[in-house]
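Below is one structure; the comments refer to it alone.
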Protein chains: 2
Amino acid sequence: MSSLVEVARAAGVSVSTASRVLTGSSHPISAKTRAKVIAVAEELGYSPSALARALVSRSSRLIGVLVSDIVNPYFSVIARGVDDVTSRAGYVTMLSNVDRRTTTEINRLQTMRDYRAAGVIFAGSGHVDDPHAPELAKAVRQAQDQGLQIMSLTMRDIGCPVVTADSQAAAYAVTDHLISLGHRRIAFIEGPSGMIASRQRRDGFLACMSDADLAESARCHPGGFDYEAGHTAAMRLIAHPPLPDAILAANDEAAVGALHALRQARIDVPGQISVAGMDDLRVAQFVGLTTVSLPLYEMGAMAARRIIDASSGTDSTALTVLSHRLIPRETTGPRQG
Amino acid sequence: MSSLVEVARAAGVSVSTASRVLTGSSHPISAKTRAKVIAVAEELGYSPSALARALVSRSSRLIGVLVSDIVNPYFSVIARGVDDVTSRAGYVTMLSNVDRRTTTEINRLQTMRDYRAAGVIFAGSGHVDDPHAPELAKAVRQAQDQGLQIMSLTMRDIGCPVVTADSQAAAYAVTDHLISLGHRRIAFIEGPSGMIASRQRRDGFLACMSDADLAESARCHPGGFDYEAGHTAAMRLIAHPPLPDAILAANDEAAVGALHALRQARIDVPGQISVAGMDDLRVAQFVGLTTVSLPLYEMGAMAARRIIDASSGTDSTALTVLSHRLIPRETTGPRQG
DNA sequence: TTGTACGCGTTATCAC
DNA sequence: GTGATAACGCGTACAA
């Protein structure tokens, strides 16, 4: 309700003096007036308009994060990483669900640009051969021209710095783990078709199989990133024997779906077949799923940190790859017989 | 980069005219100039400053939501409900994790007030006998005085409209379901101590037991809202036979923890013991957990809707209670023997 | 150490 | 139909 002028008037000082006190400026102020101003501000319940502040400083302390769906734990962990950094720095996190739609991403980026966000983080992966990609790239460029720091958490050609995990290498690592356990015929349940993330994970799987001279016994099956997809894919595998030695799903949730399908069919895991996933989300812990941990929290946190630091001058690297880690648990074991 | 003045200048018109065109005002404008302005704006990549706009209109199109932890699916579903409504209305969602700390809530509310948010939604439950409650209430009042719409998704005395579910009644409903299956000795694994939400759920359980003349065989055990808490509590139950007829956990995640503890101990569910939870989150579907569905998405969506509507005059009800629904699944069954 | 005055980008009021 | 101009609330040179 009360503005700086009102505080100043009530304290019997000029706006500049009040401003200097309230912003904690280094400008010298007598202890008397400082105390007076602070007291009055407190009494009037003064709330500095971040809007006006941003208007004059040409950049707000707002940081946007674009996720596919915040209900997906993959993204909520990222969002948490972002928010922990932003709020600790006095920034505010703006969240938007884009449901993997590039046009929605463009829209939301535009909106956040309208608010003169300090930066925007693209958390989701793009589509392979996305017809809207150029349009997105253009929107990104415009935003950058206006001073926004854009960051992506996946490899996609939108012309901005990237903080990511090497998901191909991660897929390679779990696959290698399965092979080292003696498994040869390994089925890969793919992610949603057309997503860059899906392709990377599959490529990692195939690369590892190929390097182990097992290209022949690698099988890729259509799937998705959710429980149902994993469940369905596993059901199909069960329906067409022989069962593979192991199943690797493109992410944990699908792996859990597959796991349950196997258990429902009374197939022993890891006795008869091993199962592994990717991401190491909470659900993987719950069911004791072997997986590979991706630095999701750190990706969000680091991207946010970059944006904040960039505002104060530091220049950011174009590509940062954070490391993953294999997490062997109880759903994988040595090959029997 | 380019402001309204620049667009106006480049189009050879006044700022007012440019503004009228770009805001889609009803003010009459010649088709010629309109087209010209639009073309120029497009070419210059004009992005209207939502900041300046909010400054003059004294309210932004920002809506804040305060959650305990966005990684907790309970809250991410709420956040999704909020964001679906806000973004469809051209608003932006601000997200903040407060880790159940009232002082943090106050801080974040303050920050969102600084941005002249249209409203702020408190998603988390408060603490019983919270010493900071008065301070929060005061902060809420100040925010309201400034025009912010404050909403709470739980019953807590902070002086704002509430959109919630009757969690006590929900707990009553699952308990009743267990009783109707013939169970008598029912153990309740409580939520985190000191939370209002925990108390409500326990009260619902106790009320139902009492109404069924089973107050004597009701047992409450300390627990929490997470997997580990449920797991630990169940382990303790297992260590001290006899086992109860059924276990009700304060939420789904704890119930899943308990479920796994039982399975690890080779105790058949629901053969030897029934297990139920509350919330009906995704994990409950996965494991076939009997639970009660709370309208979390709807709560978030409706609260957001209220805020947006209130900005355009409609007055909001003080208390709205959305309905829950019992979801019987495979972890509960009739009492044996 | 304190005060004055301008500009940030819009919208809205009023005049032409 | 169109165009000045005054707010909105703040930071900040510049002056005193």
Side-chain angles (χ1 to χ4, degrees), chain A residues 1-38 40-41 44-62 90 111 113-118 146-147 311, chain B residues 1-38 40-41 44-62 90 111 113-118 146-147 311:
Chain A
M1 204 57 205
S2 55
S3 68
L4 194 57
V5 270
E6 310 188 54
V7 172
R9 183 155 32 215
V13 300
S14 72
V15 253
S16 36
T17 302
S19 169
R20 293 195 261 253
V21 171
L22 267 12
T23 54
S25 146
S26 62
H27 204 95
I29 299 280
S30 82
K32 270 243 140 48
T33 46
R34 156 165 287 124
K36 177 70 178 170
V37 170
I38 291 180
V40 171
L44 265 53
Y46 169 68
S47 152
S49 169
L51 258 27
R53 217 173 251 189
L55 187 59
V56 60
S57 63
R58 311 175 79 86
S59 168
S60 69
R61 288 181 156 242
L62 294 168
T111 304
R113 178 153 87 103
D114 294 346
Y115 280 94
R116 302 300 182 260
Q146 206 173 84
S311 306
Chain B
M1 204 57 206
S2 57
S3 69
L4 193 56
V5 270
E6 311 190 54
V7 172
R9 185 157 30 216
V13 300
S14 72
V15 244
S16 351
T17 303
S19 171
R20 292 195 262 253
V21 171
L22 267 10
T23 55
S25 144
S26 62
H27 203 95
I29 299 281
S30 82
K32 268 239 143 47
T33 46
R34 155 164 287 124
K36 177 69 177 170
V37 170
I38 291 180
V40 170
L44 266 51
Y46 169 69
S47 152
S49 169
L51 258 26
R53 216 172 252 188
L55 186 60
V56 58
S57 64
R58 311 174 80 87
S59 168
S60 69
R61 289 182 155 240
L62 294 169
T111 304
R113 177 153 87 103
D114 294 346
Y115 279 95
R116 301 301 181 262
Q146 206 174 87
S311 306

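Every chain is numbered from 1 and lettered A, B, ... according to where its sequence line falls, protein lines coming before strand lines.
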Check the distance between [N]'s [atom2] and [X]'s [atom1] and give it to me in whole angstrom.
| X | N | atom1 | atom2 | answer |
| --- | --- | --- | --- | --- |
| B:I29 | D:dG3 | CD1 | C1' | 11 Å |
| A:R116 | D:dG9 | CZ | P | 20 Å |
| B:R9 | D:dA4 | CZ | C1' | 15 Å |
| A:L51 | D:dA7 | CG | C1' | 15 Å |
| A:E6 | D:dC8 | CD | C1' | 12 Å |
| B:R58 | C:dT10 | CZ | C1' | 14 Å |
| B:L55 | C:dC8 | CG | P | 14 Å |
| A:K36 | C:dT2 | NZ | P | 14 Å |

Could you tell me which residues satisfy side-chain contact (heavy atoms from CB on, under 4.5 Å) with A:A11, sequence neighbours excluded, listed by chain and number?
A:V13, A:K36, A:V37, A:V40

Residue list, side-chain contact (heavy atoms from CB on, under 4.5 Å) with A:A54, at least two apart or on another chain:
A:S60, B:L51

Residues that B:T33 engages under side chain to side chain donor-acceptor pair (under 3.5 Å), provided they are two or more places apart
B:S30

Can a side-chain donor-acceptor contact be found between A:R116 and A:Q146 if the only test is distance below 3.5 angstrom?
yes

Write down the atom of [X], the atom of [Y], and the distance for their closest heavy-atom approach.
| X | Y | answer |
| --- | --- | --- |
| B:L44 | B:S2 | O-OG, 3.3 Å |
| B:R113 | A:Y46 | NH2-O, 4.5 Å |
| A:A52 | B:L55 | CB-CD1, 3.8 Å |

With sequence neighbours left out, which residue pairs that include part of residues 16-25 of chain A fulfil the side chain to side chain donor-acceptor pair (under 3.5 Å) condition?
A:S14-A:S16, A:S14-A:T17

In degrees, rounded to 10°, what is the bend between the two ends of the helix from C:dT1-D:dA16 to C:dC16-D:dG1, using five pairs at each?
40°

Hey, what are the protein-to-nucleotides 11-15 of chain D N/O distances that come in under 3.5 Å?
residue, atom, partner, partner atom, Å
D:dG11, OP1, A:R53, NE, 2.7
D:dG11, OP1, A:R53, NH2, 3.4
D:dG11, OP2, A:S19, OG, 2.9

Out of C:dT2, C:dG9, D:dG9, which nucleotide sits closest to the side chain of A:T17?
C:dT2

dist B:T111:OG1 -> A:R61:CZ (nearest 0.5 Å) comes out at 10.5 Å

So, does A:S49 get its side chain near the phosphate of D:dC8, meaning an N or O under 4.0 Å from OP1 or OP2?
no

